[in-house]
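All chains are named by letter (A, B, ...) in the order of the sequence lines, taking the proteins before the strands, and each is independently numbered beginning at 1.
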Number of protein chains: 2
Amino acid sequence: MTRLPPLHALRAFWLVTRAGGIRAAAEEAGVSHAALTQQIQRLEGTLGVRLFDRRSRSLRLTKAAEAYAAEVDRAFQVISAATHTLTRRNASNILTTHQFLWSLD
Amino acid sequence: MTRLPPLHALRAFWLVTRAGGIRAAAEEAGVSHAALTQQIQRLEGTLGVRLFDRRSRSLRLTKAAEAYAAEVDRAFQVISAATHTLTRRNASNILTTHQFLWSLD
DNA sequence: CATCGTTACGGTGCGCGTAACAATC
DNA sequence: GATTGTTACGCGCACCGTAACGATG
């Protein structure tokens, strides 16, 4: 049985865990922090699992979410690397402004 | 530099490569075949790479796309497995009808 | 003529931004 | 008061369905 979570929400989760915070992740990815908050709430809702401990004004991964974050990171890096090798250099001119969001250094 | 393609389009690509055809993939995933066609066109457009050879009325992976399909398959299986272990059994009742689409056996 | 992929056309909810808020350092 | 995450509100297009089409075995 193969069932995927909402992928854009998963991407937001991935960015936040990498950056260590919502606002940092938002700036890196070029999106608003409100968007990331919504996506993470959606992910927690659909999974039925609390992914972050809200402590004061910072986020920390739940124990259950730590292993998950590691696997998600692995998966997105695979996708990123494969996409990069596929499109040597003929892609950047076709991407719309919307795809240019969500690109990190 | 980390840049992700449109993830729903990538998911469609994944389904089609697994099922060996658009209509088969659509039936498996519980979506319309027209939706899959659109997603794959979007993916090819944003990547700037032709992923399938259209021969008569069947699809065959391009040489360039073969390695890509393998990596994409790996990534989605990682996500699927990790999500499954994270949500032992407390998730299925929260999923909306929309998430129930795109679930395979 | 049954089945394939593509195209045409609309509707709707997801994904996003802007702007405000509450809370901690 | 500077900075954090959250909430409120609204907009546009990505995403999907239905229905028709052209083409091949």
Item to complete: Select from B:Gln38 and B:Ile22 the residue whose nearest nucleotide in DNA chain C is closer to the 5' end of that strand.
Response: B:Ile22
Practice prompt. Can you tell me the distance, in whole Å, between the CG atom of A:Asp53 and the P atom of D:dT6?
Written response: 12 Å
Discussion item. Which nucleotide wins on minimum distance to the side chain of A:His33, given the candidates C:dA19, D:dC15, D:dC9?
Written reply: C:dA19
Worksheet item: Closest approach of B:Ser80 and A:Arg3, non-hydrogen atoms and distance?
Response: OG-N, 3.8 Å
Fill in: Check: B:Gln39 side chain, D:dC15 base, donor-acceptor under 3.5 Å
no
Worksheet entry | A:Ala35 side chain, from C-beta outward: closest of D:dC16, C:dC16, C:dT6 | C:dC16
Discussion item. Counting only heavy atoms not in B:Arg60 (residues, nucleotides, ligands), do more than 12 fall under 6.0 Å from its CZ?
Written reply: no
Fill in: Among C:dG15, D:dG17, D:dG5, the nucleotide that comes nearest once only the side chain of A:Leu59 is considered
D:dG5
Worksheet item: Between C:dC14 atom C1' and B:His8 atom NE2, what is the distance in whole Å?
Response: 9 Å
Worksheet item: Atom CD1 of A:Ile40 and atom C1' of D:dT4: how far apart are they, to the nearest Å?
Response: 14 Å
Discussion item. Can you measure A:Leu7 atom CG to C:dC14 atom P for me and round it to whole angstrom units?
Written reply: 14 Å
Fill in: Any N/O donor-acceptor pair, B:Arg23 side-chain to C:dG5 base, under 3.5 Å
yes
Item to complete: Given salt bridge (charged side-chain N to carboxylate O under 4.0 Å, His left out), test B:Arg74 with B:Glu71 step by step and report yes or no.
Response: CA-CA 5 Å; B:Arg74 213 158 62 84; B:Glu71 293 301 294; 3.3 Å; yes
Discussion item. Here's a test of your reading of the structure: between B:Arg57 and A:Ser58, which maps to the more 5' nucleotide of DNA chain D?
Written reply: A:Ser58
Fill in: Under 3.5 Å donor-acceptor pair, A:Gln41 side-chain atoms to D:dG5 base atoms
no
Worksheet item: Is any side-chain N or O of A:Arg42 closer than 4.0 Å to OP1 or OP2 of C:dG13?
Response: no
Fill in: side-chain hydrogen bond (donor to acceptor under 3.5 Å, both in side chains) assessment of B:Tyr68 paired with A:Thr85
CA-CA 9 Å; B:Tyr68 191 57; A:Thr85 66; over 6 Å; no
Worksheet item: In whole angstroms, how far is the C1' atom of C:dC16 from the CG atom of A:Leu15?
Response: 14 Å
Worksheet item: Does a sphere of radius 6.0 Å around CD in A:Glu27 hold more than 12 heavy atoms from other residues, nucleotides or ligands, not counting ones at 6.0 Å or beyond?
Response: no
Worksheet item: Starting at CG of A:Leu51 and ending at C1' of D:dG5, how long is that distance when rounded to a whole Å?
Response: 15 Å
Worksheet item: What is the distance from CZ of B:Arg54 to C1' of D:dT24, rounded to the nearest Å?
Response: 16 Å
Item to complete: Round to a whole Å and report the spacing from CZ of A:Arg11 to P of C:dC14.
Response: 15 Å
